[in-house]
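This report refers to the structure that appears directly beneath it.
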Amino acid sequence: MSDLDDGLAERLRDVDGRIADAARAAGRDPAELTRIVVTKFHPATLVRVLHSLGVRDVGENRHQEAAAKSDELADLDLSWHFVGQLQSNKARAVRRYAAAVHSVDRASLVKSLALPDGPADAPPLDVFLELNLTDDPGRGGVAEADAESLAESVLADPTLALRGVMAVAPLDAEPRAAFAQVRAVSDRIRRLAPDATAISAGMSADFADAILEGATHLRIGTAITGKRPTAG
Ligand SMILES: *Cc1c(COP(=O)(O)O)cnc(C)c1O
């Protein structure tokens, strides 16, 4: 057993148990939830141990780090979810390893993620629209009022597949109320795009609330991985 395991299997089992409990409390089937383990700042070796424990969906928030890890772990059947703020000039590179980008928040990024030669190049990339639930335009995410027009620009590109919406609950908000707001935007988007049924919401501290409000994709880091090593 690797020393990296160090409680990992137990924390994973514990979190999965809590996910299943929250799903049942919400009258939902736990099997319809995708648990993404956010592995940012942790080494590829830890991701390999997670894979051996059955994890297949992992999340990263920095391109450089995600590219290096996905490269090192190319022998494993992992789906990489990009969840961090993304500069347009790195979009094409992220597409090379990512199965999904959860942080699409502006039309210029949609354009950069698109493949110029059309869908023949590759399968469509799964896209989530990141919502900014605060009044601070400096935070990542599209303002709620602009979410529908951003959805239209994703729908117009055949190399992108609009899966749904994503959000981080603001620190000063009650998470359940924040996730209810996300669900309301999701309902609006679904009127335009009936297949965009996914809601990427819920982190270590608030995933149970997110499940109660319809989250389908949970992005869970520290509750599973333990404390992150400091950056850099
Ligand atoms: C780091 C991160 C997470 C996971 O956060 P934890 O609190 O460690 O569970 C989820 N979503 C995004 C966008 C993140 O950057």
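Every number for a ligand or one of its atoms is a count from 1 in the order of the listing.
Donor-acceptor pairing under 3.5 Å is recorded for the side chains of R106 and S88.
Among residues two or more places apart in sequence or in another chain, the salt bridge (Lys or Arg N to Asp or Glu O under 4.0 Å) test is passed with D14 by R18. Every ring-ring contact (aromatic ring centres under 6.0 Å, His included) that F128 has, sequence neighbours left out, goes to H102, H217. Scanning for salt bridge (Lys or Arg N to Asp or Glu O under 4.0 Å) contacts around D77 gives R56, with sequence neighbours left out.
Every protein residue with a heavy atom nearer than 4.0 Å to ligand 1 is included here: V38, K40, V83, M166, M203, S204, R219, I220, G221, T222, R228.
Note on D75 versus R48: salt bridge recorded, some NZ/NE/NH1/NH2 to OD/OE distance being below 4.0 Å.
Under a 3.5 Å cut-off, the side chain of D126 and the backbone N or O of A100 do not form any donor-acceptor pair.
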